[in-house]
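Order of appearance sets the numbers: ligands from 1, and atoms from 1 within every ligand. Counting begins at 1 with the first residue of the sequence.
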Amino acid sequence: MEPLIFEKSRPGRRAYSLPPLDVPPQPLEEHIPPRLLRKHPAELPEVSEPELLRHYVRLSQLNYSVDTGFYPLGSCTMKYNPKLNERVASLEGFRYAHPLQPQETVQGLLRLMYELTEALKTITGLADVSLQPAAGAQGELTGVLMIRAYHYDRRDFQRRKILIPDSAHGTNPASAAMAGFEVVTIRSNAAGRIDIADLERHLGDDVAALMLTNPNTLGIFERDVLTIEQLVHQAGALFYMDGANLNALVGLVRPGDMGVDCLHINLHKTFSTPHGGGGPGSGPVCVSERLRPYLPIPRIVHRNGRYELDWDAPKSIGRVHSFFGNVGMFIRAYAYIRMLGAEGLQRVSRDAILNANYLLSRIRHVYRQPYPEPPMHEFVVTAADFKAFGVRAMDIAKRLLDYGFHAPTIYFPLIVPEAMLIEPTETETKQTLDAFAEALLQIAEEAQTHPELLRSAPHRTPVRRLNDALAARTLNVAWQEGSAVYHTNPAP
Ligand SMILES: *Cc1c(COP(=O)(O)O)cnc(C)c1O
């Protein structure tokens with residue numbers, strides 16, 4: 001193993017050279033309380049510039065990314081992020097803009113945000129959009145707060161419940177609970193769709209909204225959505241749709257036509273802005289006429305040939321993000337939408353659905369689909385049948401790393417035992433899909449002949465299998481000599 005940067009350290013080596021100080025040194029005590037000052041200099045590695053560079057480049061190469069390989073992480077839409085988006089986002093006028101700049105000097109940026117809003121209205125068929133939320137989960141919270149404001153405005157204070165299917169993403173119940181609602185779980189039926197009888201049983205004048213994901217997290221389209229919408233509205237509740245996974249719908253189906261009142265979309269999934277690693281996301285929230293008055297402020301408006309910020313919305317829930325949201329994401333999403341146009345966006349959805357169906361058809365005889373419906377942009381299979389060999393979904397996922405692939409989402413959705421949620425996205429070639437299918441089929445063979453190979457996987461990665469529960473509970477990312485590593489199996 002390559003020595004760590006601390007082990008390469010030699011006294012006096014430097015990776016920088018600064019000109020000599022030509023101002024009188026300032027005593028630190030004048031600026032920092034002495035009790036906060038270091039007693040000894042920090043023990044930093046002393047290395048040359050090339051060693052420092054190699055250290056960081058090597059670390060970056062240990063990372064797996066969508067730019068290095070196939071990333072079938074279901075419900076995450078890890079598609080290729082076109083590099084043109086990055087070029088556009090780093091144009092000087094955008095890069096150096098300051099959020100407090102006078103509006104006259106950022107007309108181009110305001111126009112871009114306005115036009116992105118218009119594009120998202122067209123795509124979703126909804127009346128209006130706020131770009132402020134910084135992630136899907138924050139879009140949900142924003143939406144649920146607007147739903148609360150809507151009911152309070154009508155003095156409908158008794159609507160305390162939000163109904164959420166058992167297949168939903170965990171952020172849905174979390175967002176509803178954060179906004180003070182009681183979460184009620186609705187069952188899925190044998191076909192993997194929401195159980196309408198169970199929904200009807202729970203609907204009443206104490207329900208504020210239904211939060212539905214469509215296609216749901218099993219990758220199945222809720223084809224009774226119009227019936228569902230009618231039931232919800234007849235009960236005086238609102239219809240929230242989790243649109244994080246819009247990759248199956250863009251250009252084909254508009255949530256507005258399904259009677260949706262509120263929808264969040266993730267620019268960092270469908271609209272090809274980078275994500276993962278906790279980087280900035282963007283979760284715009286789109287609303288029907290009903291919820292329009294409650295949208296966050298300021299709104300960007302176009303008046304007399306100028307783009308302006310409008311704060312005049314007395315019923316608004318207020319701000320949910322400083323300034324405008326994560327503007328760099330808007331630029332990338334805008335570039336992507338304009339580059340593809342209406343036809344291109346429709347093709348994205350069609351190809352995403354085609355790729356998912358093709359991949360499923362290659363592995364379905366070995367990896368069972370618990371709800372055998374034709375999937376949309378992603379699908380769920382179960383590894384439960386491998387339990388007979390002492391192999392679990394986790395072992396298959398870890399073994400995939402040895403084959404050079406990122407693992408799919410596992411153990412989600414919660415209603416499928418040993419679930420594997422696979423989303424290939426539209427940007428992969430048939431050859432990549434075939435290679436991934438071959439790897440999965442070979443691993444299925446190994447499960448029967450060498451199950452221990454799977455149980456001790458991965459074998460070829462920089463670190464072996466980690467004890468993630470231990471790592472989460474006693475996280476320690478600081479290097480110390482002989483510091484604990486969260487391995488469950490010994491290093492090679
Ligand atoms: C990704 C996702 C979310 C949450 O989005 P974040 O940006 O991660 O907060 C919510 N619902 C579904 C269905 C998702 O796939």
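Not a single N or O atom of His264, backbone or side chain, sits closer than 3.5 Å to an N or O atom of ligand 1. Ligand 1 has a nitrogen or oxygen under 3.5 angstrom from a nitrogen or oxygen of Ser75. Considering backbone and side-chain atoms together, Gly136 places an N or O closer than 3.5 Å to an N or O of ligand 1. For ligand 1, the polar-atom distance check against Asn266 finds a nitrogen or oxygen pair separated by under 3.5 Å.
Other residues, nucleotides and ligands contribute more than 12 heavy atoms inside 6.0 Å of the CZ atom of Phe157. Counted within 6.0 Å of CZ on Arg473, heavy atoms from surrounding residues, nucleotides or ligands total 12 or fewer; the atom is thus considered open. With a 6.0 Å radius and a threshold of 12 heavy atoms from other residues, nucleotides or ligands, Arg362 has its CZ atom above the threshold. In this structure, Gln234 places its CD atom where more than 12 heavy-atom neighbours from other residues, nucleotides or ligands lie under 6.0 Å away. When the shell of 6.0 Å around CE of Met178 is examined, it contains 12 or fewer heavy atoms from other residues, nucleotides or ligands.
Heavy atoms of His275 found under 4.0 angstrom from ligand 1: none, in either backbone or side chain. Within the 4.0 Å heavy-atom criterion, the part of Ala244 lying near ligand 1 is the side chain and not the backbone. Only the side chain of Lys269 comes within contact range of ligand 1, with a heavy atom under 4.0 Å; no backbone atom does.
One side chain, Glu140 or Thr171, offers a donor N or O that lies under 3.5 Å from an acceptor on the other.
In the vicinity of Glu140, heavy-atom distances shorter than 4.0 Å reach the ligand 1 atoms 10 (C), 11 (N). The distance from ligand 1 to the heavy atoms of Asn245 drops below 4.0 Å at these ligand atoms: 13 (C), 15 (O). Ligand 1 places these atoms under 4.0 Å from at least one heavy atom of Ala135: 7 (O), 9 (O).
No close placement of the Phe324 and Phe330 rings is indicated, their centers lying 6.0 Å or farther apart.
Summary of contacts: the protein heavy atom closest to atom 9 (O) of ligand 1 is Ala137 N, 2.8 Å. Nearest protein heavy-atom contact of atom 13 (C) of ligand 1 is Asp242 OD2, 3.4 Å.
Evaluated for a side-chain contact (heavy atoms from CB on, under 4.5 Å) with Leu231, the options Leu210, Leu203, Asp224 yield exactly one hit, Leu203.
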CA sep, side-chain torsions, deciding dist, call: Tyr334, Arg338, side-chain hydrogen bond (donor to acceptor under 3.5 Å, both in side chains): CA-CA 6 Å; Tyr334 180 79; Arg338 294 300 302 261; 2.8 Å; yes

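Ligand 1 lies nowhere less than 4.0 angstrom from a heavy atom belonging to Gln138.
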